[in-house]
Every structure is written in C-alpha cells, then in structure tokens.
2 protein chains.
Amino acid sequence: MEWQLHPKMNEKLYLKDPDQSEIGKKIVSNGTSLIRKIGYELFTFKKLAEDIGITEATIYRYFENKIKLLNYIVSWYWHWLDYQVMFNTNNLTDADKKIKVTIQILTWQLDINHTSQDINLEDLHEIIISESSKVYLTKNVSEDNKEQLFMPYKNLCSRISQIFIEYNPSYVYPRSLATTMIEMAHYQDFFMNNLPSLTDFGSEKNIKHVRNFLVDLIFSALEKKIS
Amino acid sequence: MEWQLHPKMNEKLYLKDPDQSEIGKKIVSNGTSLIRKIGYELFTFKKLAEDIGITEATIYRYFENKIKLLNYIVSWYWHWLDYQVMFNTNNLTDADKKIKVTIQILTWQLDINHTSQDINLEDLHEIIISESSKVYLTKNVSEDNKEQLFMPYKNLCSRISQIFIEYNPSYVYPRSLATTMIEMAHYQDFFMNNLPSLTDFGSEKNIKHVRNFLVDLIFSALEKKIS
DNA sequence: TTAATTATGATAGTAATACTATTATTTAAA
DNA sequence: TTTAAATAATAGTATTACTATCATAATTAA
C-alpha cells in the first residue's frame with residue numbers, strides 16, 4: 001500500500017518536510033505524544049526540543065509555529081481515517097453496512113492496523129478528540145482554508161456524504177449529517193469521559209454506547225419519509 | 001424579572017465579583033467585544049486594559065486569567081439561553097412546539113429581547129460559536145468540573161433533554177441528543193460561514209437552513225419506532 | 001582535489017505574554 | 001481623626017514565541 005508510506009501532506013503545513021529526515025519524524029512523533037500528554041495549551045516547542053534533545057530553532061525550521069504542527073498531525077489523522085473508510089467500505093455492496101463500518105472506524109471499534117511506523121495512533125485519536133477543533137476555530141480560518149489546509153477533513157466528509165446519498169438519494173443534508181457524525185463521534189466520547197452528565201453513557205463509559213447512539217441518529221435521519 | 005438583573009454566577013469563576021463595580025462591568029462588556037473582534041488566542045489582558053483605560057493588574061484582581069474570563073462570559077450566555085428556553089416554552093402545552101421554539105432560540109431566529117444592560121448579545125453569540133468549546137477542551141476539564149464551572153451548560157442540556165422525554169418518553173438518548181442539538185446549532189453555523197463545503201447550506205448561507213436541518217434531525221431521532 | 005555553495009543545527013538573542021510583588025491612594029470604620 | 005481595609009497603579013519577573021547570526025557538515029562545481 002503506497003499510501004501507508006507517504007500520505008501526501010499539504011506543503012503549506014510545513015517549512016521543511018518532516019518526513020524527509022529523522023529529526024523531522026521525531027518532531028512529529030514525539031510532538032504527538034507530548035501534545036497528548038500535556039495538552040495543546042501547555043505544549044511548547046521548547047519542551048518538545050528538550051524531549052528530543054535538540055534546540056527550539058531546529059523545530060522552527062520544520063514548522064512555522066505550534067498550530068501548524070498540530071494541523072499537520074490532525075491532517076495526517078484525517079488522511080488516515082479517510083483511507084480506512086475507503087479501504088473498509090470499498091468491497092461492500094450494501095450502503096447500510098458501509099455506514100455501520102464507518103461509524104465503527106470513527107468510534108475506534110474496528111480492529112484495524114493500529115500501528116504506524118512513526119506516529120502513535122492511540123495518542124493521535126486522543127488529540128483528535130480534544131484538540132482538533134482548535135485548528136479551525138481561529139480568526140485565520142478563511143486564510144487557512146484558501147491554502148487548502150482543511151482538505152483532508154473535507155475529503156472525509158465528502159466520502160461519508162457520498163455513502164449517505166447512496167443509502168438514500170433523496171436525503172437533502174448529506175454533508176451536514178457527515179460533519180455531525182464525525183464531530184459527535186468525538187464530542188460524545190469526550191463528554192462521556194469528562195462531563196458524563198452531558199451524555200446518557202456516564203454510568204458505563206463504554207464507547208459502544210456512543211456507537212449505538214450514532215447508528216440510531218444517522219439511520220433515523222436517513223430513513224425515507226412516507227409523506 | 002429578577003434574573004435579568006443578576007444571573008447567579010459561580011463564584012469560582014472570578015476573584016472579585018465583576019458585577020459589583022463599574023470597572024468590573026467594563027471588563028466583562030469590553031472583554032466580550034474585544035474577544036469577538038480579535039479572537040481568544042490574540043486576546044490579552046493588556047490589550048483589554050488599554051481598551052478600557054486601566055492597567056493589567058486591575059483586571060487580574062477580578063479574573064485569575066483569560067480562560068476564566070472567557071468561561072465567565074460563556075457561562076453568562078448559557079444562563080441566559082436556559083432562561084430564554086424556560087421562559088419561551090413554559091406556556092406551551094405541546095412538546096413538539098417546545099422543541100421547535102428551542103431550536104429557534106438556539107439558531108437565533110426568535111426575536112427576543114436582544115439588549116442587555118452591559119453585554120452585547122450579538123458579540124456573545126459569535127463568541128459562543130467560535131470560542132465556547134475552548135473552556136472545556138483542556139487538561140483542566142475535570143478540576144473545573146469539580147468546581148461546577150460547567151453547570152449552566154449542563155442545566156441547559158438537562159432542560160432540553162426533559163423536553164425530549166416529554167415528547168417521547170421511550171427515547172433512550174435524550175442528553176446526548178441535547179448536546180448534539182446545541183453543538184450542531186453552533187458548528188453548522190460556523191461551518192456554513194467559514195468552511196461551507198462541510199455543510200449543505202454554502203450557496204445561500206442562511207441560518208434558516210441550519211434550523212431546518214436540526215428540526216429534521218431531532219424529530220427523526222425522537223420519532224417513536226414501530227418495531 | 002579543492003574551493004564554493006548549500007543544508008542543517010546550535011547559540012544567543014528580542015518582543016510579547018502571563019503573571020506577581022510592592023507601593024500609593026482612596027474609602028470606610030472606630 | 002486616626003486606623004484599617006479596599007482598590008488600583010507601578011514596576012517588576014519568568015516564560016513563550018519567535019528571529020538573526022554563527023558554525024559545521026555535506027554536496028556540488030571548477
């Protein structure tokens with residue numbers, strides 16, 4: 001699988017391709033685990049440099065600032081997820097089954113290849129849940145969007161909305177339903193674990209309830225109405 | 001209406017009650033418009049102090065740091081929204097109508113009293129859309145939760161879930177559906193205006209489409225299944 | 001083969017941010 | 001009227017987010 005070696009990252013995300021050197025790879029992989037460990041707000045290039053054993057300035061040669069590094073990591077994940085959805089739904093003929101598989105992937109239920117050469121996918125998943133929205137909830141969103149920084153997320157949204165259309169061609173909100181599904185897969189997980197009274201899964205804290213909620217929500221919305 | 005004068009704010013949000021002095025009120029009202037204008041990341045106490053004509057240290061007497069001020073502002077909004085939902089659904093007998101009114105309030109469609117003594121509600125609404133999730137998407141979420149900092153949001157969620165139960169007592173995910181509705185009212189608005197291809201409303205950018213999407217989504221989910 | 005160029009990383013800064021400690025002034029109480 | 005308490009201003013410090021310059025290694029050109 002050629003993709004697994006090199007997901008094509010947007011060149012605007014970095015100054016120097018981190019995939020082309022050992023130090024670059026360390027910046028991304030150690031950066032991922034450090035952001036997961038201490039959170040994006042307390043994360044600094046200085047701490048990461050100390051962790052790797054290099055200097056701050058070296059990191060600045062690869063990434064303009066820490067939001068670009070976060071965006072690189074987040075984009076990497078959306079690329080990976082999009083590939084997983086494509087790969088695991090491709091051979092299915094039933095749109096119903098495709099949707100269920102997609103929800104399983106989003107809620108981390110499918111036992112797919114969770115090992116990657118550099119980046120720890122468990123850390124990555126945690127980062128997506130707690131930090132990913134910070135890359136677009138800024139005053140730069142329009143400029144960043146012009147530079148195509150959010151393409152991987154859009155591609156995933158587009159792929160999922162295509163499956164929805166396949167299931168019910170007359171449904172009018174396939175894209176909004178796709179973003180709802182993606183965002184809620186992560187938000188309900190976060191709420192369940194941190195603010196449980198905002199969900200109905202607080203007593204058990206089992207991700208399978210999030211999955212069941214999503215299945216119920218999405219298929220209810222997509223069901224063809226007889227009116 | 002006693003509430004309109006003094007929404008009871010959690011005392012852990014401030015060091016000195018900003019509602020008890022003119023300068024305190026200015027910190028909150030000018031803070032709101034400045035955060036809306038430049039965004040939370042670029043917002044600093046120094047800029048706010050200059051804007052008001054006081055010094056940084058004075059603001060630090062009222063608020064520990066800028067995230068507490070944001071949380072104060074966000075909590076104020078959830079208080080206000082909860083009151084609006086309560087007030088505008090109280091006299092209704094039909095749960096169906098209550099849900100529709102709540103969606104109208106969330107999507108800013110109802111022409112309610114949008115003037116407040118101090119805080120500009122238009123600014124506040126923008127802040128909720130772009131910045132509100134930043135108060136809980138942190139490593140402090142559990143500690144902050146123990147100090148009850150998220151009560152106003154939880155109260156709103158609880159009120160809405162009660163309406164859902166009233167509409168369909170057998171629905172099993174009323175709280176998760178309430179958070180989905182609240183979050184999506186804001187996220188779809190943000191996406192529509194900033195990353196339109198993530199929604200189905202990009203061509204028109206009219207909030208009424210978000211409302212229609214939510215009405216469709218929520219009533220589909222709540223509909224009693226005959227199985 | 002050697003000099004020149006380029007790439008890479010380290011060192012040493014600066015401006016801004018996020019606070020804190022101390023001092024001055026006003027207000028209120030005894 | 002003196003004392004105490006509350007409030008705000010001044011003047012700091014440590015950290016963060018970078019930037020400019022320097023040193024060295026690797027690559028290329030003469």
Side-chain angles (χ1 to χ4, degrees), chain A residues 11-32 34-35 37-73 118 131 134-135 137-140 143-144, chain B residues 11-31 34-35 37-73 131 134-135 137-140 143-144:
Chain A
E11 290 179 9
K12 296 288 173 82
L13 285 170
Y14 52 78
L15 299 170
K16 174 174 146 63
D17 188 352
D19 212 45
Q20 294 301 107
S21 75
E22 284 311 308
I23 283 184
K25 285 176 190 168
K26 281 215 132 194
I27 289 168
V28 174
S29 64
N30 292 36
T32 302
L34 190 56
I35 290 172
K37 196 175 157 197
I38 65 177
Y40 178 71
E41 282 73 27
L42 295 179
F43 171 84
T44 67
F45 277 0
K46 192 174 187 193
K47 288 173 186 168
L48 177 57
E50 275 163 18
D51 181 58
I52 299 173
I54 54 171
T55 60
E56 263 184 289
T58 302
I59 302 176
Y60 278 104
R61 294 195 151 256
Y62 289 85
F63 293 98
E64 225 179 307
N65 49 44
K66 69 172 181 169
I67 195 72
K68 284 277 166 73
L69 172 57
L70 178 64
N71 208 341
Y72 182 95
I73 291 167
D118 297 311
E131 321 286 3
K134 293 168 189 171
V135 305
L137 292 178
T138 72
K139 289 284 173 189
N140 282 325
E143 276 178 53
D144 290 348
Chain B
E11 291 179 8
K12 296 288 175 76
L13 285 171
Y14 51 79
L15 299 170
K16 173 173 147 61
D17 188 353
D19 210 45
Q20 294 300 109
S21 76
E22 284 310 306
I23 281 182
K25 285 176 190 168
K26 280 215 132 192
I27 289 168
V28 174
S29 64
N30 290 36
L34 190 56
I35 290 172
K37 196 175 157 195
I38 66 177
Y40 177 71
E41 282 72 28
L42 295 179
F43 171 83
T44 67
F45 278 0
K46 192 171 186 195
K47 288 173 186 168
L48 177 56
E50 274 164 19
D51 181 59
I52 299 173
I54 55 173
T55 61
E56 262 184 292
T58 302
I59 302 175
Y60 278 105
R61 299 201 140 251
Y62 289 86
F63 294 98
E64 225 178 305
N65 49 46
K66 69 173 181 169
I67 193 76
K68 283 278 166 71
L69 172 58
L70 179 64
N71 208 339
Y72 182 95
I73 290 166
E131 321 284 4
K134 293 168 190 172
V135 304
L137 292 178
T138 74
K139 289 284 173 189
N140 283 324
E143 277 178 51
D144 289 348

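Only this structure's heavy atoms are used, side chains among them; waters, hydrogens and symmetry mates stay out. If you're wondering where the values come from, they're calculated on a predicted model, not measured in any experiment. Chain letters run A, B, ... following the sequence lines, proteins first, then strands; residues in each count from 1.
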Novice: Considering just the side-chain nitrogens and oxygens of A/Y60, establish if one lies under 4.0 Å of OP1 or OP2 belonging to C/dG9.
Specialist: no
Novice: A/L69 and A/F63: which non-hydrogen atoms are nearest, and at how many Å?
Specialist: CD1-CE1, 3.6 Å
Novice: Students often get this wrong, so: under 4.0 angstrom with heavy atoms, is B/K16 touching a base, only sugar-phosphate, or nothing?
Specialist: sugar-phosphate
Novice: Under 4.0 Å from any heavy atom of chain B: name the first and the last nucleotide of DNA chain D that qualifies, 5' to 3'.
Specialist: D/dT7 to D/dT10
Novice: Would you kindly give the CD-to-P distance between B/E41 and C/dA18, to the nearest whole Å?
Specialist: 11 Å
Novice: Among side-chain atoms of A/Y40 and B/T138, is any donor-acceptor pair under 3.5 angstrom?
Specialist: no
Novice: Specify the separation, in whole Å, of atom OH of A/Y62 and atom P of C/dT8.
Specialist: 7 Å
Novice: Rounded to whole Å, how long is the line connecting atom CG of A/N65 with atom P of C/dA16?
Specialist: 17 Å
Novice: May I have the distance from B/I38 (atom CD1) to C/dA16 (atom P), rounded to whole angstrom?
Specialist: 14 Å
Novice: How many angstroms lie between atom NZ of A/K26 and atom CD1 of A/I23, to the nearest 0.5 angstrom?
Specialist: 9.0 Å
Novice: For the pair made of CG in A/L15 and P in C/dA7, what is the distance, rounded to whole Å?
Specialist: 14 Å
Novice: What N/O pairs connect the protein and nucleotides 10-13 of chain C at under 3.5 Å? Give each pair on its own line.
Specialist:
from	atom 1	to	atom 2	distance (Å)
C/dA10	OP2	A/T55	N	3.4
C/dA10	OP2	A/T55	OG1	3.2
C/dA10	OP2	A/T58	OG1	2.7

Novice: Ignoring hydrogens and angles, write down the donor-acceptor pairs under 3.5 Å from the side chains of residues 47-55 of chain B, residues two or more places apart or on other chains.
Specialist:
from	atom 1	to	atom 2	distance (Å)
B/K47	NZ	B/L42	O	2.7
B/D51	OD2	B/N30	ND2	3.1
B/T55	OG1	B/T58	OG1	3.3

Novice: Just to be sure I understand the rule, does A/F63 reach a base, reach only the sugar-phosphate, or reach nothing, if contact means heavy atoms closer than 4.0 Å?
Specialist: nothing
Novice: Indicate yes or no: at least one non-hydrogen side-chain atom of A/K134 is less than 4.5 angstrom from one of B/L137.
Specialist: yes
Novice: Under the side chain to side chain contact (heavy atoms under 4.5 Å, CB included) test, which residues partner B/K12, sequence neighbours left out?
Specialist: B/N10, B/E147, B/L149
Novice: Just wondering, do A/I27 and A/P18 contact through their side chains at under 4.5 Å, heavy atoms?
Specialist: no
Novice: From the set C/dA18, C/dT17, C/dG9, return the single nucleotide nearest to any side-chain atom of B/K47.
Specialist: C/dT17
Novice: Does A/K37 have any side chain to side chain contact (heavy atoms under 4.5 Å, CB included) partners at least two apart in sequence or in another chain, and if so, which?
Specialist: none
Novice: If the condition is side chain to side chain contact (heavy atoms under 4.5 Å, CB included), which residues does B/E56 pass it with, not counting sequence neighbours?
Specialist: B/F45, B/K46, B/Y60
